[in-house]
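Here it is, the structure, as structure tokens.
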Amino acid sequence: MRIGIVKKKYESIREWLNEKSRRIWAASEAEASGYGGPTIVRETTGIDYHTIGKGINGPEEKKQPDIARIRRQGGGRKRLTEKQPDISGAIKNPVDSSTGGEPESPLLRTGKSSYK
């Protein structure tokens with residue numbers, strides 16, 4: 001019975017949830033369901049237990065939420081140029097010897113195949 005209600009609720013609001021609001025909704029629904037709540041939410045929505053746990057124990061509820069941000073400051077994948085600063089030089093070196101076209105143009109051609 002409770003599984004059907006949670007599933008119906010989730011289906012009606014799923015389109016408007018981002019990852020932060022989905023986590024908070026899943027946590028509140030799990031807490032409202034009582035014993036076995038996280039399992040009920042997991043089975044009906046497919047949201048992982050860790051995500052539900054982060055919503056229940058997460059730091060966002062303990063302080064004033066920042067409405068404009070979805071992820072915390074510094075979250076997400078780092079830029080490749082931050083992780084490997086010399087990547088652009090490493091990519092240009094093998095291709096530079098065989099490039100053609102106008103040197104001032106940003107669009108250059110190469111005679112090498114992707115295998116070479």
Side-chain angles (χ1 to χ4, degrees):
M1 171 84 175
R2 182 71 185 146
I3 292 174
I5 295 170
V6 173
K7 186 170 187 162
K8 193 171 187 177
K9 283 181 178 180
Y10 183 66
E11 292 295 324
S12 66
I13 65 168
R14 179 175 63 184
E15 299 171 20
W16 294 281
L17 298 176
N18 59 33
E19 59 187 87
K20 182 177 184 178
S21 58
R22 183 178 295 119
R23 181 174 61 242
I24 293 169
W25 177 85
S28 67
E29 200 61 43
E31 288 179 332
S33 296
Y35 180 77
T39 303
I40 292 171
V41 173
R42 163 69 182 98
E43 289 176 357
T44 57
T45 63
I47 297 173
D48 192 55
Y49 289 116
H50 298 291
T51 305
I52 297 168
K54 283 182 183 179
I56 293 171
N57 302 323
E60 285 113 359
E61 290 76 36
K62 293 177 177 57
K63 62 179 182 179
Q64 182 67 26
D66 186 4
I67 303 299
R69 296 196 63 86
I70 295 173
R71 294 183 175 156
R72 68 174 184 249
Q73 185 70 29
R77 182 180 292 175
K78 303 294 181 225
R79 293 182 181 266
L80 186 59
T81 53
E82 287 180 29
K83 289 164 66 174
Q84 298 178 353
D86 59 337
I87 189 76
S88 61
I91 291 172
K92 282 185 178 181
N93 282 344
V95 178
D96 269 346
S97 63
S98 63
T99 55
E102 189 174 330
E104 296 296 321
S105 172
L107 181 64
L108 298 174
R109 296 181 298 276
T110 183
K112 290 190 174 185
S113 69
S114 60
Y115 295 106
K116 295 181 180 180

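Nothing here was measured: the structure is a model prediction, and the numbers come from that model.
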- Kindly state each residue pair satisfying salt bridge (charged side-chain N to carboxylate O under 4.0 Å, His left out) with at least one member in residues 32-41, sequence neighbours excluded.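 Counting only pairs at least two positions apart or across chains, no salt bridge (charged side-chain N to carboxylate O under 4.0 Å, His left out) contact touches residues 32-41.
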- Query: In chain order, what residues pass the salt bridge (charged side-chain N to carboxylate O under 4.0 Å, His left out) check against E11, with sequence neighbours excluded?
  - Reply: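 Partners of E11 by the salt bridge (charged side-chain N to carboxylate O under 4.0 Å, His left out) criterion, ordered by chain and then number, come out as R14.
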- Message: Suppose the criterion is side chain to side chain donor-acceptor pair (under 3.5 Å): which pairs have a residue in residues 39-51, not counting sequence neighbours?
- Response: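 Sorted result for residues 39-51: empty, none.
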- Who passes side chain to side chain contact (heavy atoms under 4.5 Å, CB included) against L17, sequence neighbours left out?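 So L17 forms a side chain to side chain contact (heavy atoms under 4.5 Å, CB included) with Y10, I13, S21, R22.
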- Message: Please enumerate all residues that pass side chain to side chain contact (heavy atoms under 4.5 Å, CB included) together with A27, with sequence neighbours excluded.
- Response: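 Once residues adjacent in sequence are excluded, the partners of A27 under the side chain to side chain contact (heavy atoms under 4.5 Å, CB included) criterion are I56.
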- Task: Taking side chain to side chain donor-acceptor pair (under 3.5 Å) as the test, write out the residues that go with K9, two or more places apart.
- Result: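 Partners of K9 under the side chain to side chain donor-acceptor pair (under 3.5 Å) test: E29.
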- Task: Can you sort out the partners of K8 under side chain to side chain contact (heavy atoms under 4.5 Å, CB included), two or more places apart, ordered by chain and number?
- Result: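 Not a single residue meets the side chain to side chain contact (heavy atoms under 4.5 Å, CB included) criterion with K8.
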- By side chain to side chain contact (heavy atoms under 4.5 Å, CB included), which residues pair with E15, not counting sequence neighbours?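 Partners of E15 under the side chain to side chain contact (heavy atoms under 4.5 Å, CB included) test: none.
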- Heavy-atom pair of closest approach, residues L80 and I87: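 Between these two residues, the closest heavy atoms are CD2-CG1, 4.2 Å.
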- Item | Contacts of type side chain to side chain donor-acceptor pair (under 3.5 Å), residue E19, not counting sequence neighbours |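 With sequence neighbours excluded, E19 shows a side chain to side chain donor-acceptor pair (under 3.5 Å) to R71, given in chain and number order.
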- Task: Scan for salt bridge (charged side-chain N to carboxylate O under 4.0 Å, His left out) pairs involving residues 77-89, sequence neighbours excluded, and state none if there are none.
- Result: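 As it turns out, there is no salt bridge (charged side-chain N to carboxylate O under 4.0 Å, His left out) pair with a partner in residues 77-89 once direct neighbours are skipped.
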